[in-house]
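Below: one structure, written as structure tokens.
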Amino acid sequence: MSETDALDSVVSQPYKYGFKTEVEYEEFPRGLNEDIIRMISEKKGEPEFMLEFRLKAYRNWLKMEEPTWPNVDYPPVDYNNIIYYSAPKKKPTLDSLDEVDPAILETYEKLGIPLNEQKLLQNVAVDAVFDSVSVATTFREKLAEAGVIFCSISEAVKDYPDLIKKYIGSVVPANDNFFAALNSAVFTDGSFCYIPKGVACPMELSTYFRINNEESGQFERTLIVAEEGSSVSYLEGCTAPMFSKNQLHAAVVELVALDNAEIRYSTVQNWYSGDKNGVGGIYNFVTKRGICKGVNSKISWTQVETGSAITWKYPSVILQGDNSIGEFYSVAVTNDKMQADTGTKMIHLGKNTRSTIISKGISAGESNNSYRGLVKIGKKADGARNYSVCDSMLIGDQCGAHTFPYIESANSTASIEHEATTSKIGEDQIFYLQQRGLDEENAVSLIINGFVKEVFKELPMEFAVEATKLLSIKLEGSVG
Amino acid sequence: MLQIKNLHANVDGIEILKGINLEIKAGEVHAIMGPNGSGKSTLSKVIAGHPAYEVTEGEILFEGTNIEDLDADERARMGIFLAFQYPVEIPGVSNSMLMRQSYNAMRREHGEEELDPLEFDDYVRGKLDLVEMDPKFLDRSVNDGFSGGEKKRNEILQMAVLNPKMALLDETDSGLDIDALRIVSDGINKIKSKDKGVLLVTHYQRILNYITPDFVHVLKGGRIVKSGGKELAHQLEDQGYEEVVEAK
């Protein structure tokens, strides 16, 4: 086996989450219009303000154009051929797992996320979103004791309308961009977390998203509010079956950190990425943004992006409060014909705000991996500092890595540092490790694990283990 | 231990080695000297199994086994070690992690139990003194940000840890100041033994003041054009390659 073949087999692993669960669905007709939106809102028993929010977003969306600036290429999406609401028929009752369709419980079991609380990691609470709806949220009582609200966004709209009204769309306005507007019009579920003043959330919160229906899109919405002096760590995981068609996933995540609050948001994204020839896979068009609204607040995004046919995503932080901190740690792996255009925006508005960007792109096969980042320093952001590192690693000679850093500074006291490197896993590196007795597969995996270490160490323990496993699954292969 | 018979090797279709014959027995130190471009470094890479080099003729026997079809890692686990002229940097992978994986790969090969990180730590710390290295080196990324001298010492440390049967030292002396040269040479002297073979590739005679070769070979144009004892090295130093080779 030649060097290149061995490398290929090392990075090309079959997708093991590609199974489909047979469940009965309640679906809305295909297509998008105001009636569909009214139906979604009615289905969810939403208050009037929510319907208004949706309709306004929809009317805006109609006037907007799909962005063409990302460094990705795909045929036009027919937004009228998507099912916007698709829910398993057996009605989920969130108080008891007994009433969740066993097939769905089994699905999460197979994904390694048992929803049975006894089986769960003791310090992780899970919200499971299956297609358009949340099917279960665990450890709610324990969290409630600490005053933490963790539930599906649909419930939150009904149970905590004041909080939702105050914060939804406050970080990502409904007309922010094409996909955010679409999401605002049709979002069907997602998670809501509220951490009250002074509370350190006693456990990790997590949401596992699963797209199961071939014809439906997933439009979830997550909102996390951390009140003064509170802190929370939130994890998000995603998988989907293998279909030959593309599914659209257009999510919006909003984070709000008030004075002295801290939010850590970690993602391991492993949507189905399509086959070797680029057939099928998820279009992952996501808007994630946090605002450090209060002084000394901190928002930290960590993402491990290993799936999706196309990823378009820029988890960002608006640093409004003085002395606030924004962080972005990212590993994006592309293989075969995958395309990723991902990065971050750090918008410095407050004084002495600081941001760190560590981006690691790994491209293999015929894939294309772009880092796109904006560091913007506002006029009043005296003493703002940014430090960015963008490293790209190429495996093989048919892939591409691109870096698009944008810097806009309106304050002369700001300090901005940007470093970028591109390296190739070379014959020499592999030979060196082989000469030390490691077989080729171990050599490649050691090099890659070393490359991503700076980012992986930012992940919470439970997730770091999972991410390392995921990476090694992607990397293990039959060499020779 | 190592027998090389009529070895021809190409890289990118260009023939670099044009019929090398060499035998190294256990306990012997052989020095390969020669001008730039003579094929010295190629020889050590071909023995170690670098995939860019193609053997077109001849054979390499290690302990009686023809190793031509074996991958570099298989050769390494048989006991062939190459100290690189330009050690490669592996960011994010700590020295101790690499050495433990290597050492355990060797142990697995010999049906021995692997060492856990604590056991390995004890083992490796015992080797640091050989090359006068600070334990801090163990936690640093492999060769990342190392000075030239540190990289070479690190190679010798790895050699001490892996304890190979056959050590190929590719211009280990290049770029070393006199102190580093002494440290590296001392390390090599402590590791070499009567059951090990050493092939020392060098451009200069000075390392041979520290490590005494049993045989010296002059390589030119991909062939060994002259062989002799350690005095040959001095002759080369005094008279230069041209004169010594012409006078054959």
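Below, read A as the first sequence line, B as the second, and so on, with proteins coming before strands; counting in each chain starts at 1. No experiment lies behind these values; they were computed from the predicted model shown. Quick note: numbers below take in every heavy atom, side chains included, and nothing from hydrogens, waters or symmetry partners.
For B:Phe81, the parts lying under 4.5 angstrom from a heavy atom of chain A are both the backbone and the side chain. Looking at B:Gln101, the atoms closer than 4.5 Å to chain A (heavy atoms on both sides) sit in the backbone and in the side chain alike. Only the side chain of B:Asn143 comes within contact range of chain A, with at least one heavy atom under 4.5 Å from a heavy atom of that chain. Looking at B:Pro164, there are no atoms closer than 4.5 Å to chain A (heavy atoms on both sides), in backbone or side chain. A:Glu454 does not touch chain B: none of its heavy atoms, backbone or side chain, sits under 4.5 Å away. Heavy-atom distances place both the backbone and the side chain of B:Ile90 under 4.5 Å from chain A. There is no contact between B:Met99 and chain A, counting heavy-atom distances below 4.5 Å. Looking at A:Tyr432, the atoms closer than 4.5 Å to chain B (heavy atoms on both sides) sit in the backbone and in the side chain alike.
For the pair A:Lys288 and A:Tyr265, the cation-pi test (distance below 6.0 Å, angle within 45°) is failed. Geometrically, B:Arg140 engages B:Phe137 in a cation-pi contact, judged by NZ or CZ lying under 6.0 Å from the ring centre and within 45° of the ring axis. With A:Tyr387 as the aromatic partner, A:Arg385 does not meet the cation-pi criteria of under 6.0 angstrom to the ring centre and within 45 degrees of the ring axis.
The minimum heavy-atom distance between A:Ser363 and A:Asn369, with the atom names listed, is OG-CB, 3.4 Å. Considering every non-hydrogen atom in both B:Ile32 and B:Lys40, the closest pair reads O-CD, 3.9 Å.
Put simply, of B:Arg77, B:Lys45, B:His50, the one with the most heavy-atom pairs under 4.5 Å next to chain A is B:His50. Among B:Leu98, B:Asn104, B:Val142, B:Asp71, the residue making the largest number of heavy-atom pairs under 4.5 Å with chain A is B:Leu98.
Ion pairing of B:Arg100 with B:Glu114 is absent here, as no side-chain N (NZ or NE/NH1/NH2) approaches a carboxylate O to less than 4.0 Å. One finds a salt bridge joining B:Lys151 and B:Glu89 here, because a Lys/Arg side-chain nitrogen approaches an Asp/Glu carboxylate oxygen to under 4.0 Å.
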